[in-house]
Amino acid sequence: MFIRSFQDLVFAKTKLIPCGKVSTYKLLAKAVGRPRAARAVGNALNKNCNAKVPCHRVVRSDGKVGGFRDGTAAKIKILQKEGVEAVKEKVSLKKYLYKFR
DNA sequence: AGGGTGACCCGCT
DNA sequence: CAGCGGGCCACCC
């Protein structure tokens, strides 16, 4: 299918995040060509949390897990299942950060 | 068409 | 180092 909007582009990139890794809203925004649209990225994921899109693997640039449609706690729970350790709702980007190229 | 919202980021205090 | 405010962008009403 074809990408017809900024949102779809965000989903496409989010799907590329491998299991056990995480990415940030800002990096995602940059990957889609809108380095300043980190906010819009979060908005997009919030309205389209599909099972095909691992939106739970997207965290804030400071390492905080950020928010989640089903609750921050649930997001952390999933991340831990994936193998990502979260302390005080924060993850080590130095270890789990996945960079786009 | 205009205004308000949101899973954010950066800078200043 | 932590907290507060403003700025930015895309989507919905």
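Here is the naming used below: chain letters follow the sequence lines, and residue numbers restart at 1 for every chain. Just so it is clear, the model here is predicted, and its values are computed rather than measured.
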Practice task
For A/Gln7 and C/dC9, give me the distance from atom CD to atom P, rounded to whole Å.
Solution key: 17 Å

Exercise for the section: Indicate for each nucleotide in nucleotides 4-13 of chain B, in 5' to 3' sequence, whether protein heavy atoms under 4.0 Å reach the base (B), only the sugar-phosphate (S), or nothing (-). Expected result: --BBBSS---

Problem - Pair A/Asp62 + A/Lys64, salt bridge at N-O below 4.0 Å - result: no

Fill in the blank from the handout: Note: A/Phe6 and A/Ala40 closest approach over all heavy atoms is CE2-CB, 3.9 Å

Practice task
Could you check how far CD1 of A/Ile3 sits from P of C/dA10, rounded to whole Å?
Solution key: 16 Å

Problem - Greater than 12 external heavy atoms within 6.0 Å of A/Gln80's CD - result: yes

Exercise for the section: Give me the other members of the hydrophobic cluster that A/Phe68 sits in, counting Ile, Leu, Val, Met, Phe, Trp and Tyr linked by side-chain heavy atoms under 4.5 Å, directly or via other members. Expected result: A/Ile78

Exercise for the section: Among A/Leu93, A/Thr14, A/Ile17, find the one that has a side chain to side chain contact (heavy atoms under 4.5 Å, CB included) with A/Ser23. Expected result: A/Ile17

Fill in the blank from the handout: Whole-Å distance, A/Leu28 CG to C/dA10 P, equals 14 Å

